[in-house]
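The structure under discussion appears below in the form of structure tokens.
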Amino acid sequence: MATQHPSIDPVERELVSTQLDELALAHDGQPWARWKNAVVEWYIRALATARAEAWIPGLSVAQDPAVEEALRRFYRYHVRAAIGRLRDENIALHRKLIDALECARFYANGGDDHGERAHAVLHDHPLAKAAATPAHGEAKTARSH
């Protein structure tokens, strides 16, 4: 009988791929042993996190109906909480991406502010959100306000 594997969500696969890409960039040019150790550490952390957060209904022995109901409610609560955290995190990441793209467009259009906009975007400074994109050659700086 063949081993059955659960289907992998494409978003999860992309997340893992991105995390491994980041590890590869961080260890570029370093010996294979360091790269391998970084991947092993990443995998062990991911596995430990998954085990700590996982609770699969039905794997335990049938219990009292009241206990089963309490466990269902507990599970439902934590799933909703996790989904809420993920939504909030996703919105924050989208905002950061939009800010980064606006910053890239500013510099791609010839904007020159001695890196102040990039510094503000990288450090989540309100200036990045409040600054209007100046026309080519009319760069605004934080000091000119």
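Bear in mind the structure is a predicted one, so any value in this text is a computation, not a measurement.
- In this view, Thr18 and Glu14, Glu22 satisfy the side chain to side chain contact (heavy atoms under 4.5 Å, CB included) rule, not counting sequence neighbours.
- Both Leu23 and Val16 are part of a single hydrophobic cluster, where members link through side-chain heavy atoms under 4.5 Å apart.
- Atom CG of Leu93 is separated from atom CG of Leu86 by 10.5 Å, given to the nearest 0.5 angstrom.
- The shortest heavy-atom contact between Cys103 and Ala118 is SG-CA, 3.6 Å.
- Applying the side chain to side chain contact (heavy atoms under 4.5 Å, CB included) criterion to Val40, with sequence neighbours excluded, gives Lys36, Ile44.
- Residues meeting the side-chain hydrogen bond (donor to acceptor under 3.5 Å, both in side chains) test with Tyr107, sequence neighbours left out: Asp113.
- Residues satisfying the ring pair (Phe, Tyr, Trp, His ring centres under 6.0 Å) test with His78, not counting sequence neighbours, are Phe74.
- Evaluation of the side-chain hydrogen bond (donor to acceptor under 3.5 Å, both in side chains) rule for Arg73 yields Glu69 as partners, not counting sequence neighbours.
- Applying the side-chain hydrogen bond (donor to acceptor under 3.5 Å, both in side chains) rule to Trp42 yields the partners Gln19; only residues at least two apart in sequence or on another chain are considered.
- The CZ atom of Arg95 sits 11.0 Å away from atom CG of Asn90, with the distance rounded to the nearest 0.5 Å.
- A 6.0 Å sphere centred on CZ of Arg13 holds no more than 12 heavy atoms belonging to other residues, nucleotides or ligands.
- Atoms CH2 and CG, on Trp35 and Leu20 in that order, are 5.5 Å from each other to the nearest 0.5 Å.
- Note that the CD1 atom of Ile91 and the NZ atom of Lys96 stand 13.5 Å from one another [nearest 0.5 Å].
- In this structure Asp28 satisfies the side-chain hydrogen bond (donor to acceptor under 3.5 Å, both in side chains) test with no other residue, sequence neighbours excluded.
- Judged by distance alone, the side chain of His119 and the main-chain N or O of Gly115 form no donor-acceptor pair under 3.5 Å.
- Here the side chains of Val79 and Tyr75 are in contact, with some heavy-atom distance below 4.5 Å.
- Here Ala46 pairs with nothing under the side chain to side chain contact (heavy atoms under 4.5 Å, CB included) rule; sequence neighbours left out.
- Here the straight-line distance linking atom CZ of Arg117 with atom CG of Asp112 works out to 11.5 Å at 0.5 Å rounding.
- In this structure, the side chain to side chain contact (heavy atoms under 4.5 Å, CB included) partners of Arg85, at least two apart in sequence or on a different chain, are Ala81, Ala82.
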